[in-house]
Amino acid sequence: MPEESSERSNFIRDIIIQDIESGKHSGRVQTRFPPEPNGYLHIGHAKAICLDFGLAAEFGGKCNLRFDDTNPSKEETEYVDAIMEDVKWLGFQWDGLFYASDYFEQLYEWAVQLIKAGKAYVCDLTADEIREYRGTLTEPGKESPYRNRPIEESVDLFERMKKGEFPDGSRTLRAKIDMASPNLNFRDPVMYRILHMDHHRTGDQWCIYPMYDYAHGQSDSIEQVTHSICTLEFDNNRPLYNWFIEQLGIFPSQQFEFDRLSITFTLLSKRKLLTLVQEGHVSGWDDPRMPTLTGMRRRGYTPEAIRNFCANIGVSKTNGVTQLSHLEYFLREDLNKHAARVMAVLRPLRVVIDNYPDDVVEEMDAVNNPQDESAGSRKVPFSKVLYIEQEDFREDPPKQFYRLSPGREVRLRYGYLITCTSVVKDADGNIVELHCTYDPETRGGNTPDGRKVKSTIHWVSEAHAVDAEVRLYNNLFTKEDPNEVEEGQDFTSNLNPDSLEVLTGCKAEPFLLDTVPGTRYQFERIGYFCVDRDSTPGKPVFNRTIGLRDTWARIEQRENK
RNA sequence: UGGGAGGUCGUCUAAUGGUAAGACUGCGGACUCUGAAUCCGUCUAUCGGGGUUCAACUCCCUGCCUCCCAGCCA
């Protein structure tokens, strides 16, 4: 019996609990995650993965990874490899590793069996004709003229289809069910089509390939899957899923449907993501703006954050849209706990501390992670000339701005308290440098006299600064629903032109000189960043994973309205 | 239009005939060497109309709305 879990339940979990209690399948739980290797996994798949693997794990069951590779025209090994990597990265390990193509021989034999039982026939109608004969939502279809051809003839034709005697599209094997069924899936669905095309695993061994409906349920059955969890749009396919299993009299796997994940400002359709890649709107499947797991990984998402998110949003049958902010909450929550703090200045403004000695360098103690004492501390060099963030200074500060401005004192984090004494401008009136004085009594940022400073800002010593490139990412789409478009337009018209901003000449503390790609940091007061694989020795590149919550930006925005 | 699946705070999810709850968001405050985090407070919901019942989000009837299905895709 499963332990009482603090995890929130959902209707599928409840069903499993009931099945276990009633002794169904002797309490055995077997699930599977069945991606088609025709694209990369995205956050929507993560929800399914968490369910399939999570439920199996919770109830002492098993979960297989099975590639649904029945359509060689779209599938590639590149995707197979990427999918396995992503599943592992998310934190799951499959029990069995299978492919629908493992079952091609068995599926073929069962098809022959169905033909011989008068439940399937070879049809010579063209694709267009099949469509015409299918009828419409409101009108019943017509029976194919080949529907009642002799069984032996279908057996023979099907065998010759397999042998490659007929061209693509010339014939199909169809189940003989009911052309008048209100469920269109029952109107003699195609089971096999002819496709003279190499398959990523079986090569040229086959030139007929099973359709999803004919392959999926039987694959589940072969693997003794007890709970076959899929998304809502397969609801209409469930009766057919059951029909094949019943006709064949094989292990009765059962299908359960849950709501697919959708997120605001995000597209979760493999087809459309492929378009973004192919048309060059993004740099690839792992572009940090992509909702793919590989893209999110490069962006700096943690598997924990994604898993927590999936657990929190729940599972139901309601077609809803989850807000991006919900995902971002779990991202920040996890990063806050684990990311080491460092100081980096994105848009540098030079500061000269006039009363600080010219050649002195002090090593200041800085805490690595206030949320995690075990993370320890490090030394940060302090000297006469520093960089601060441009937006941390205002010559003419608005009311609620309490960072640096002429005559005002602020704290340099872990450094000293400084007061701005003068502003240097270029010929065009742009601020190029600040002059300040420091209070020697405030070393480390402490105030022995107990005086309060309203603001603490980050900084980097000019002489010790590491030059860095920083890539700032924003939503890939400008609309909450990227599919909401003007007549004649497609989703690409909603692409955000400002989804990527590249900053060069950023200044980071020396700690970041030799950092490893994939490492995540919090740049204090700015956000969370992840070292990109484009980094070169001495020249790190950072991806902004997500900004810190920015109350000041919100205030300022409100005031400007 | 035939069939199927759904409709609870702005969003996501609970409540399975018995006080409509939680998370996210928003707003307000406390605290702060990150305008972060944390803490506290707070706004807002059962699609409409009938019925059954001591009692209805839950059961019944009815209407409305949304999503899915007419691939030799999955």
Side-chain angles (χ1 to χ4, degrees), chain A residues 8-11 14 34-36 38 68 70-71 73-74 123 125-127 130-132 134-141 168-174 181-187 189-195 208-209 211-213 215-216 230-239 257 259 261 264 270-271 309 312-330 332-333 336-337 341 343 367 370-371 400-403 410-415 417 442 444-447 452-458 522-527 547-555:
Chain A
R8 220 170 56 206
S9 200
N10 59 65
F11 76 98
D14 292 342
E36 182 188 11
N38 67 342
D68 226 333
T70 57
N71 183 0
S73 71
K74 293 183 175 176
C123 182
L125 253 27
T126 64
I130 286 183
R131 190 179 315 119
E132 285 166 27
R134 186 156 32 225
T136 68
L137 292 178
T138 50
E139 297 160 313
D168 287 2
S170 58
R171 288 178 224 268
T172 57
L173 180 72
R174 300 177 68 182
S181 172
N183 183 339
L184 304 208
N185 290 313
F186 269 33
R187 321 249 262 227
V190 172
M191 294 164 61
Y192 273 91
R193 73 282 216 186
I194 301 174
L195 255 180
I208 56 171
Y209 291 94
M211 299 287 291
Y212 167 85
D213 283 308
H216 201 95
C230 66
T231 43
L232 247 28
E233 68 271 24
F234 290 100
D235 209 302
N236 297 312
N237 300 63
R238 175 157 33 90
E257 310 86 17
D259 60 327
L261 174 67
T264 54
K270 273 201 256 181
R271 204 203 92 230
F309 167 73
N312 182 277
I313 54 172
V315 179
S316 73
K317 289 175 87 89
T318 318
N319 257 314
V321 184
T322 298
Q323 292 179 335
L324 219 210
S325 58
H326 208 143
L327 207 210
E328 292 176 336
Y329 170 83
F330 287 96
R332 289 195 182 99
E333 181 194 57
N336 177 48
K337 277 189 277 198
R341 272 61 170 171
M343 291 197 285
V367 174
Q371 310 289 324
Q400 297 181 75
F401 183 91
Y402 48 75
R403 272 111 93 149
V410 298
R411 172 188 292 110
L412 293 177
R413 183 129 161 108
Y414 303 124
L417 268 58
T442 60
N446 303 305
T447 51
K452 300 282 182 198
V453 272
K454 194 72 175 143
S455 184
T456 298
I457 65 176
H458 60 279
Q522 183 197 95
F523 288 0
E524 294 221 30
R525 304 207 310 126
I526 303 176
L548 250 29
R549 212 173 245 105
D550 192 344
T551 305
W552 163 242
R554 203 167 299 168
I555 293 170

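Every chain is numbered from 1 and lettered A, B, ... according to where its sequence line falls, protein lines coming before strand lines.
Taking atom C1' on both nucleotides, B/rA14 is separated from B/rC73 by 37 Å, rounded to a whole Å. Here, B/rG6 and B/rC47 have their P atoms 15 Å apart, quoted to the whole Å. Here the separation of B/rA21 from B/rA45, taken at their P atoms, is 12 Å to the nearest Å. Of the P atoms belonging to B/rG10 and B/rG26, the separation is 16 Å, rounded to the nearest Å. Here the separation of B/rC67 from B/rU8, taken at their P atoms, is 14 Å to the nearest Å. A gap of 15 Å separates the P atoms of B/rC57 and B/rG7, to the nearest Å. For B/rG50 and B/rA56, the C1' atoms lie 14 Å apart once the distance is rounded to whole Å. On the P atoms, B/rC59 is 11 Å away from B/rU16, given to the nearest whole Å.
Looking at heavy-atom distances under 4.0 Å, A/Ile208 makes no contact with the nucleic acid at all. A/Glu257 comes within contact range of no nucleotide atom at all, as no heavy-atom separation falls under 4.0 Å. Counting any heavy atom pair closer than 4.0 Å across all strands shown, A/Phe523 reaches no nucleic acid atom. Looking at heavy-atom distances under 4.0 Å, A/Thr70 makes contact with sugar-phosphate atoms alone, never a base. Among the atoms of the strands shown, only primed sugar atoms or phosphate atoms (P, OP1, OP2) are found under 4.0 Å from some heavy atom of A/Val315. At the heavy-atom level, A/Leu548 lies under 4.0 Å from base atoms of the strands shown. Residue contacts for A/Ile130: at a heavy-atom cut-off of 4.0 Å it reaches a base atom on one of the strands shown. Using a 4.0 Å heavy-atom distance criterion, A/Leu195 is classed as making no nucleic acid contact. At a threshold of 4.0 angstrom between heavy atoms, the contacts of A/Pro370 include nucleobase atoms, whether or not backbone atoms are also involved. Within the 4.0 angstrom heavy-atom criterion, base atoms lie near A/Tyr414.
At a cut-off of 3.5 angstrom, the base of B/rG35 holds no donor-acceptor pair with the side chain of A/Arg525.
Nearer to the 5' terminus of RNA chain B, by closest-nucleotide assignment, is the contact made by A/Thr442 (compared with the other of A/Thr442 and A/Asn237).
Side-chain atoms of A/Arg193 do not come within 3.5 Å of backbone N or O of A/Gly169 as any donor-acceptor pair. At least one donor-acceptor pair closer than 3.5 Å links the side chain of A/Asp259 to the backbone N or O of A/Ser316. In this structure a side-chain-to-backbone donor-acceptor pair under 3.5 Å is missing from A/Thr231 to A/Glu233. Remark: the backbone N or O of A/Leu324 is paired with a side-chain donor or acceptor of A/Thr264 at under 3.5 angstrom. Under a 3.5 Å cut-off, the side chain of A/Arg411 and the backbone N or O of A/Gly445 do form a donor-acceptor pair. Although no hydrogens or angles enter the test, the distance criterion places no donor-acceptor pair under 3.5 Å between the side chain of A/Arg171 and the main chain of A/Ile194. A donor-acceptor contact shorter than 3.5 Å links the side chain of A/Thr442 to the backbone of A/Leu417. Distance alone, capped at 3.5 Å, is enough to place a donor-acceptor pair between the A/Asn183 side chain and the A/Asn236 backbone.
With a 3.5 Å ceiling on both atom-pair distances, B/rC9 lacks any Watson-Crick or G-U wobble partner. Base pairing of B/rA20: no nucleotide in any strand meets the Watson-Crick or G-U wobble criterion (both distances under 3.5 Å). In this structure, B/rG2 and B/rC69 make a Watson-Crick or G-U wobble pair, each of the two defining distances being under 3.5 angstrom. B/rU52 makes up no base pair with any nucleotide shown, lacking Watson-Crick or G-U wobble contacts both under 3.5 Å. Nucleotide B/rC31 has no partner under the Watson-Crick or G-U criteria, as no pair reaches both atom distances under 3.5 Å.
With a glycosidic angle more than 90° from 0, B/rG28 adopts the anti conformation.
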Problem - Letter per nucleotide, 5' to 3', of nucleotides 20-32 of chain B [B base touched, S only sugar-phosphate touched, - untouched; heavy atoms, 4.0 Å] - result: ---BSSSS-----
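Rounded to an integer number of Å, the gap from CD1 of A/Ile526 to P of B/rU34 is 15 Å.
Distances shorter than 4.0 Å separate some side-chain N or O of A/Thr551 from OP1 or OP2 on B/rA36. Distances shown here put a side-chain N or O of A/Arg193 below 4.0 Å from the OP1 or OP2 atom of B/rC73. Contact between the side-chain N/O atoms of A/Thr138 and the OP1/OP2 oxygens of B/rG3 is not found at any separation under 4.0 Å. For the pair A/Arg271 and B/rG71, the criterion of a side-chain N or O lying under 4.0 Å from OP1 or OP2 is not met. When the side-chain nitrogen and oxygen atoms of A/Ser316 are compared with OP1 and OP2 of B/rU13, one or more of them lie within a distance under 4.0 Å.
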Atom pairs under 3.5 Å, N or O on each side, protein against nucleotides 66-69 of chain B: can you list them with distances?
residue: B/rC67; atom: O2'; partner: A/Asn319; partner atom: ND2; Å: 3.1
residue: B/rC68; atom: O2'; partner: A/Asn236; partner atom: ND2; Å: 3.4
residue: B/rC68; atom: O2; partner: A/Asn236; partner atom: ND2; Å: 3.3
residue: B/rC69; atom: O4'; partner: A/Asn236; partner atom: ND2; Å: 3.2

Find every protein N or O atom lying less than 3.5 Å from an N or O atom of nucleotides 43-46 of chain B, and list the pairs.
none

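Nearest nucleotide to the A/Trp552 side chain, out of B/rA5, B/rG7, B/rG35: B/rG35. Considering only the side chain of A/Gln371, B/rA37 comes nearest among B/rA37, B/rG35, B/rU34. Each of B/rG35, B/rC72, B/rG4 was ranked by its minimum atom distance to the side chain of A/Gln400; first place goes to B/rG35. Residue A/Arg131 places its side chain closer to B/rG71 than to any other of B/rA74, B/rA36, B/rG71. Comparing B/rC72, B/rU34, B/rU13 by their closest approach to the side chain of A/Arg341 singles out B/rU34.
Salt bridge absent: A/Lys74 and A/Glu36 never bring a charged side-chain N and a carboxylate O closer than 4.0 Å.
Every residue two or more places apart in sequence or in another chain was checked for a salt bridge (charged side-chain N to carboxylate O under 4.0 Å, His left out) with A/Asp213, and none qualifies. Under the side-chain contact (heavy atoms from CB on, under 4.5 Å) criterion, A/Phe11 pairs with A/Ile15, A/Phe258, A/Val315, A/Lys317, not counting sequence neighbours. For A/Glu333, there are no salt bridge (charged side-chain N to carboxylate O under 4.0 Å, His left out) partners at least two apart in sequence or on another chain.
In this pair, A/His326 and A/Phe330 present their aromatic rings parallel. The plane angle is below 30°, not in the 30 to 60° band.
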